[in-house]
Amino acid sequence: LTADSQPQRAAEMAARGAQKFPQSTTLLIAQATSLRAAGQLDAAAAAAQKALAVDAASPEAHQLVILSLVDANQPDAALEA
């Protein structure tokens, strides 16, 4: 199950994992990636920001925050991220 094949289901599964393991950057990034693929851009940015709260040095989380905000037509917020 991947974000490409069934993004909504993948996001739900990653969210369950992130609830169980809230300090898992990997699960939060998987959730953000799946939400972005499902078109849930605000939720994707929020999940990526949670990943940043766990690991502020995560390049994947930074990238997902910015890409989700740009996709959501929020370029000013992306520049501030």
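- Other residues sharing the hydrophobic cluster of Val70, ordered by chain and number and joined by side-chain separations under 4.5 Å: Ile66.
- The minimum heavy-atom distance between Ala45 and Val65, with the atom names listed, is O-CG2, 4.0 Å.
- Residue pairs meeting the salt bridge (charged side-chain N to carboxylate O under 4.0 Å, His left out) criterion with at least one partner in residues 22-33, sequence neighbours excluded, do not occur; the list is empty.
- The side chain to side chain contact (heavy atoms under 4.5 Å, CB included) search around Leu41 returns Arg36, Asp71, Ala72, not counting sequence neighbours.
- A search for side chain to side chain contact (heavy atoms under 4.5 Å, CB included) contacts involving Leu27 returns Ala18, Phe21, Ser24, not counting sequence neighbours.
- Residues meeting the side-chain hydrogen bond (donor to acceptor under 3.5 Å, both in side chains) test with Gln63, sequence neighbours left out: none.
- Taking both residues in full, the closest heavy atoms of Ala48 and Ala32 are given as N-CB, 3.7 Å, listed atom of the first, atom of the second, then distance.
- Among residue pairs with one or both ends in residues 14-23, none qualify as side chain to side chain donor-acceptor pair (under 3.5 Å); sequence neighbours excluded.
- Sequence neighbours left out, the pairs with a member in residues 47-58 that pass side chain to side chain donor-acceptor pair (under 3.5 Å) are Ser58-Glu60.
- Annotation for Ile29: hydrophobic cluster partners, listed by chain and number, are Leu64 (ILVMFWY side-chain heavy atoms under 4.5 Å, direct or chained).
- Atoms CZ and OG, on Arg9 and Ser34 in that order, are 11.5 Å from each other to the nearest 0.5 Å.
- Clustering of Ile, Leu, Val, Met, Phe, Trp and Tyr by side-chain heavy atoms under 4.5 Å joins Leu28 with Val54.
- The two residues Leu35 and Ala47 come nearest to each other via the heavy atoms CD1-CB, 4.3 Å.
- For residues 72-81, no residue pair satisfies the salt bridge (charged side-chain N to carboxylate O under 4.0 Å, His left out) rule, not counting sequence neighbours.
- Residues forming a salt bridge (charged side-chain N to carboxylate O under 4.0 Å, His left out) with Asp42 (at least two apart in sequence, or on another chain): none.
- Scored by the side chain to side chain contact (heavy atoms under 4.5 Å, CB included) test, Ala77 finds Leu69, Gln74 as partners (sequence neighbours excluded).
- In this structure, Gln31 and Glu12 have side chains that are not in contact, with every pair of non-hydrogen atoms separated by 4.5 Å or more.
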